[in-house]
Amino acid sequence: MLVSRESVRVYMGKSEQENKERRKPEHRKIERKITVIGHKNPDTDSICSAIAYADIKNRVSHSHKYVPGRAGEISSETRFVLDYFDVPDPEYISDVSTQVRDMEIRMTPGVPKEMSIGTAWDLMNDTDAVTLPVTENGKVIGLVTKGDIARTFMDMDNTHFLSDARTRFGDIAETVQARIVTGDPEKIFDHGKVLVGAAVPERMKKVVEAGDLVILVDRNENHIAALEKGAGCLILCLGASADKETVEKAASMGSVIMETDMDTYSVTREINKSVPLQAIMIRDDIDSFRLDDYTDKLRSVMASTRHRAFPVVDSKGNYIGTVSRRNLLGIKKRQLILVDHNEKSQAVDNIDEGEILEIIDHHRLGTLQTLQPIYFVNQPVGCTATILYQMYVEKGLDIPRDIAGLLAGAIISDTLMFRSPTCTLHDKMAAGALALIAEINIEDFAQAMFKAGSDLKNKSAEEIFFQDYKKFNMAGHSFGVGQISSMDGDELELIKEKIQPVLQKELDKTDISMAFFLLTNIKTSSSEILFAGDRAPDVVSNAYPNLEQKDNAVNVPGLLSRKKQLIPAFMAAMNYI
């Protein structure tokens, strides 16, 4: 395979003149996306609101791509809603630390191992690259740097270097700007040395050996003498031509003759540039990065290696481009829109490393901070989905049936079918309008959804505990609160036996001081609070002073909402412990 300088120019999509005028690096920016995401251990509102707000943003803004995300596993209840309306799961995102895909990726071309180092050097100059990945079938098999090429020439004192590198005669001819008169350009120069045959024939015969490449001028007797000694290739310089006898003799021997207008000094200086990259490329311990690798990994690798650029590959290992230390310094944070939360403890991991653009929520103001003002919508309604319904109406957007179904399901879930004290008239009106669009009966849909959500027989205690679990920090105390809702009191009793040991485990493995769990009975509009932690009994007794505690549990009539009932009561109680 002959890889010429001209083919490289075509490959790069630039003419030679364009390369001279524009020696600027090309970069590829993997399409940046803005992720709309809810809290950890997401409930139905968190998932459905992320999907709906991404739809709104994509329809009103065409400058970015908005995608819904999720910061945890999908609950049985939410699974029922997504499957009912045939909506795919949002992308799972466990961490918003910057990744390789967030960097400027330089479109340095992958080159074949057969390319000569001279052609590679020209390509590096044309693209301002210092490192070239060597690829085969789309995979990175080696790396070559400008330093590697420079060291090759500084250390080049071996006259067998060209044959040791198994260089093609076609590459040699191109490098010294020669015409092949006879011989196969694909033939490999695989044994013999390189020498200049400037001496008289008798003296030259003493040093020429079989397979040698001999650089000559226009003395025919030297041409014949070199061939008689078995020379594998003659390069005739300064426009010299081989006579008929010389050409015929070379052809009969299978030797190569090439002619060039370059002088012998220039040929000897340039000829080693024809060596293929496979002779000098780095083959082992090549550090490459995938698009989803976190940049912390890059920093540690870049700090411990001498390379300035590193290959980037896709999920299948196919080469994409390169990244460098400079690209790492200029990286942009991942951009996020948060829905259904504004507490740092509830946000996806490493939220401080992301850039929060907007927050759409219906909870109390939390602990998240931003570096600049952002669009923040916070309304005292029972569900984030209610706010999104209002946005569709305000922006004059039609609501697709599947989105309407998701939003209706979220409102029904968050308000416990309008039983929760968090429920407002806005929630009821939004749910009614959305149910008409989604073509569902609210009571029938709610029954089916709650039944699916409370079918917990095959789930472990940990899965149930973390299904809807949030952490809070207030009055100098850190604590976690989980909640499960069911229409079956007997099932809640079974869950209670499973959950109580998990509360203590959560205390032992995290930095929280108290853990609580609500077993909410939708039918009776009441909750049983399970608790663990030295100060937890005091908090519960201060919040609900007239209720009896038994076995680290207390029944609270009328308690349905963690947000509007439990957390405010706990906030007041913690001021007195």
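The model shown is predicted, which means the values in this text are computed figures rather than measured ones.
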Check: Checking side-chain contact (heavy atoms from CB on, under 4.5 Å) for the pair Ile93/Arg334: CA distance, chi angles, key distance, verdict?
Finding: CA-CA 12 Å; Ile93 299 171; Arg334 295 184 70 174; 4.0 Å; yes
Note to self: I'd like to know if the side chain of Thr268 reaches the main chain of Tyr265, judged simply by a donor and an acceptor atom lying under 3.5 Å from each other, with no hydrogens or angles considered.
What the structure shows: yes
Check: Between Arg290 and Ser315, is there a donor-acceptor pair closer than 3.5 Å when you use the side chain of the first and the backbone of the second?
Finding: yes
Check: Gln278 versus Glu136: any side-chain heavy-atom pair under 4.5 Å?
Finding: no
Notebook entry, point to check: Nearest heavy-atom pair of Val348 and Asp95: which atoms, and what distance?
Noted result: CG2-N, 3.9 Å
Item checked: Contact summary for Ser274 and Leu162, nearest pair of heavy atoms -> OG-CD1, 3.7 Å
Next item on the list: Please test Lys505 against Asp508 for salt bridge (charged side-chain N to carboxylate O under 4.0 Å, His left out), starting from the C-alpha separation and ending with a verdict.
Entry: CA-CA 5 Å; Lys505 289 181 181 178; Asp508 294 339; over 6 Å; no
Next item on the list: Using a 4.5 Å cut-off on heavy atoms from C-beta on, say whether the side chain of Ile351 contacts that of Leu336.
Entry: yes
Next item on the list: Please round to the nearest 0.5 Å and tell me the distance separating atom CG of Asn220 and atom OG1 of Thr246.
Entry: 5.0 Å
Margin query: I'd like to know whether CZ of Arg166 has more than 12 heavy-atom contacts from other residues, nucleotides or ligands below 6.0 angstrom.
Written below: no
Item checked: Any side-chain heavy-atom pair of Ile360 and Ser49 under 4.5 Å -> no
Note to self: Would you say that Asp263 contacts Cys237 through its side chain, given a criterion of any heavy-atom pair below 4.5 Å between the two side chains?
What the structure shows: no
Next item on the list: Start with the C-alpha distance between Met115 and Val134, add both sets of side-chain angles, then the distance that settles side-chain contact (heavy atoms from CB on, under 4.5 Å), and finish with yes or no.
Entry: CA-CA 9 Å; Met115 177 181 281; Val134 182; over 6 Å; no
Check: Is Thr384 reaching over with its side chain to a backbone N or O of Val339, donor-acceptor style, under 3.5 angstrom?
Finding: no
Note to self: Within the 4.5 Å heavy-atom criterion, are Glu104 and Lys332 side-chain neighbours or not?
What the structure shows: no
Notebook entry, point to check: Closest approach of Asp349 and Ser94, non-hydrogen atoms and distance?
Noted result: CB-O, 3.2 Å
Checklist line | Derivation and outcome, side-chain contact (heavy atoms from CB on, under 4.5 Å), residues Val256 and Asp184 | finding: CA-CA 7 Å; Val256 176; Asp184 182 4; over 6 Å; no
Notebook entry, point to check: Which pair of non-hydrogen atoms, one from His191 and one from Ser163, has the smallest distance, and what is that distance?
Noted result: N-CB, 3.6 Å
Next item on the list: Report, as yes or no, whether the 6.0 Å neighbourhood of atom CD on Gln369 holds more than 12 heavy atoms from other residues, nucleotides or ligands.
Entry: no
Checklist line | Flag, side chain of Asn272 to backbone of Phe161, donor-acceptor distance under 3.5 Å | finding: no
Next item on the list: Answer yes or no: is there a side-chain heavy-atom contact under 4.5 Å between Lys146 and Ile149?
Entry: no
Notebook entry, point to check: Are Asp296 and Arg299 close enough for a salt bridge, meaning some N to O gap below 4.0 Å?
Noted result: yes
Margin query: Tell me whether Thr260 contacts the main-chain N or O of Gln177 through its side chain, where contact means a donor paired with an acceptor under 3.5 Å.
Written below: yes
Notebook entry, point to check: Checking Thr182 side chain against Val247 main chain: does a donor-acceptor pair fall under 3.5 Å?
Noted result: no
Item checked: Qualifying residue, where the test is side-chain contact (heavy atoms from CB on, under 4.5 Å) with Thr108 and the options are Leu123, Ile320, Thr322 -> Thr322
Notebook entry, point to check: When you measure from the side chain of Gln99 to the backbone N and O of Asp292, does any donor-acceptor pair fall under 3.5 Å?
Noted result: yes
Item checked: Interatomic distance, Cys233 atom SG to Met258 atom CE [nearest 0.5 angstrom] -> 4.0 Å
Checklist line | Non-hydrogen side-chain atoms of Leu368 and Leu338 separated by less than 4.5 Å | finding: yes
Item checked: Lys57 NZ to His64 NE2 distance, which is reported to the nearest 0.5 Å -> 9.0 Å
Next item on the list: Please step through side-chain contact (heavy atoms from CB on, under 4.5 Å) for the pair Ile172 and Thr167, ending with a clear verdict.
Entry: CA-CA 7 Å; Ile172 295 173; Thr167 309; 3.7 Å; yes
Next item on the list: Give a yes-or-no answer on whether the side chains of Lys471 and Thr510 include a donor-acceptor pair shorter than 3.5 Å.
Entry: no
Notebook entry, point to check: How close do Ala225 and Met204 get, heavy atom to heavy atom, and via which atoms?
Noted result: CB-CE, 3.8 Å
Next item on the list: Verify, without hydrogens or angle tests, whether Arg106 (side chain) and Ala309 (backbone) share a donor-acceptor contact under 3.5 angstrom.
Entry: no
Margin query: Distance check, rounded to the nearest 0.5 Å: Glu506 atom CD versus Glu462 atom CD?
Written below: 10.0 Å
Margin query: Looking at Arg203, I want to see if its CZ is surrounded by more than 12 non-hydrogen atoms of other residues, nucleotides or ligands under 6.0 Å.
Written below: no
Next item on the list: List the steps, then state whether side-chain hydrogen bond (donor to acceptor under 3.5 Å, both in side chains) holds for Thr145 with Thr131.
Entry: CA-CA 4 Å; Thr145 69; Thr131 301; 5.7 Å; no
Check: With respect to Val87, which candidate in Val81, Ile403, Leu406, Ile47 satisfies the side-chain contact (heavy atoms from CB on, under 4.5 Å) definition?
Finding: Leu406
Notebook entry, point to check: More than 12 foreign heavy atoms under 6.0 Å from OH of Tyr92: is that the case here?
Noted result: yes
Check: Does any N or O in the side chain of Asn58 come within less than 3.5 Å of the main-chain N or O of Asp55, such that one atom is a donor and the other an acceptor?
Finding: no
Next item on the list: Flag the pair Asp212 and Lys229 as a salt bridge only when some basic side-chain nitrogen lies within less than 4.0 angstrom of an acidic carboxylate oxygen.
Entry: no
Checklist line | Asp86 CG: over 12 foreign heavy atoms closer than 6.0 Å | finding: no
Notebook entry, point to check: Considering only heavy atoms from C-beta outward, does the side chain of Asn473 approach that of Lys344 to under 4.5 Å?
Noted result: no
Checklist line | N/O donor-acceptor pair under 3.5 Å between Ser288 side chain and Pro311 backbone | finding: no
Notebook entry, point to check: Atom CD1 in Ile224, atom CG in Asp243: separation rounded to 0.5 Å?
Noted result: 6.0 Å
Next item on the list: Fit a plane to each ring of Phe466 and Tyr469, take the angle between them on a 0 to 90° scale, and name the class: parallel (under 30°), tilted (30 to 60°) or perpendicular (over 60°).
Entry: perpendicular
Next item on the list: Look up atom CZ in Phe189 and atom CG in Leu213, then write down how far apart they are to the nearest 0.5 Å.
Entry: 5.0 Å
Item checked: Minimum-distance pair of heavy atoms, taken over all atoms of Lys139 and Lys316 -> NZ-O, 2.6 Å
